[in-house]
J.: 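The structure is given below, and queries will be raised subsequently.
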Amino acid sequence: QQQVKQSPQSLIVQKGGISIINCAYENTAFDYFPWYQQFPGKGPALLIAIRPDVSEKKEGRFTISFNKSAKQFSLHIMDSQPGDSATYFCAASVISNFGNEKLTFGTGTRLTIIP
Amino acid sequence: GAVVSQHPSRVICKSGTSVKIECRSLDFQATTMFWYRQFPKKSLMLMATSNEGSKATYEQGVEKDKFLINHASLTLSTLTVTSAHPEDSSFYICSAPRPAGGYTDTQYFGPGTRLTVL
């Protein structure tokens, strides 16, 4: 019930195209859904996050779409650039009165943007 | 700029020795920090939750005596890999939730420590 399933495992997109990565969760108690970007040899960096009270959140070229009834959320990268080539992880956690609880991570998507 | 630092970034040690990795929150206090392990091309595996002023909480299957965690202050947590063996070679990453105002904290990750045990 703690799993977060992520797809695809790898993705190749042409420069200027839209990259889409999908995640699905089972635990209905999850109420915080961040996306992280990780470059080789580096720690993950927070990209964008959403809570279930909204269905979409946009920050620059990055958009999260959230479907609470389907228990799915996705990351869309518009106008994908070679610098976006990285591994992307979705995650989920439960926000409690004590703050952010531990994150459950998806399996990761290796994104490659080709010229 | 970075809000969570780790030291060292890389360490190579001989089998049987112990290695200490530090995780610091740079401009905020963190009563909780998390330690992860990541194998090549794999996701992050949570090892333990480091709690300031109390014992760490370990995930199932993680050996407490092997991976010692000490949350010495509100800005520092350390992970000590004791009697390291080649199978302990991995990328170790810490994270800390930073108050972001509003309804939730934001978890920031350190840059990671690459441990190689010969």
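Naming: A, B, ... by sequence-line order, numbering from 1 per chain. Since we're looking at a predicted model, the values are computed, not measured.
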J.: Heavy-atom cut-off 4.5 Å, strictly under: side chain, backbone, both or neither for Q38(A) against chain B?
T.: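 Contact with chain B involves the side chain of Q38(A) alone.
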
J.: With a 4.5 angstrom heavy-atom cut-off, is it the side chain or the backbone of Q38(B) that approaches chain A, or both, or neither?
T.: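 Just its side chain gets close to chain A.
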
J.: Looking at Q107(B) and S95(B), would you say the former's side chain and the latter's main chain have a donor-acceptor pair under 3.5 Å?
T.: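 It does not hold such a pair.
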
J.: For S65(A) and N67(A), does a side-chain donor sit closer than 3.5 Å to a side-chain acceptor?
T.: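 No, no side-chain donor-acceptor contact under 3.5 Å.
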
J.: Under a 4.5 Å heavy-atom cutoff, which of M45(B), R114(B), K42(B), K41(B) has the most pairs with chain A?
T.: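 Among the listed options, the one with the most contacts to chain A is K41(B).
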
J.: Pairing donors with acceptors under 3.5 angstrom, does anything connect the side chains of H76(A) and S74(A)?
T.: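 On atom types as modelled, these side chains qualify, holding a pair under 3.5 Å.
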
J.: Quick one: sort the F66(A) and F33(A) rings into parallel, tilted or perpendicular, breaks at 30° and 60°.
T.: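 F66(A) and F33(A): tilted rings.
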
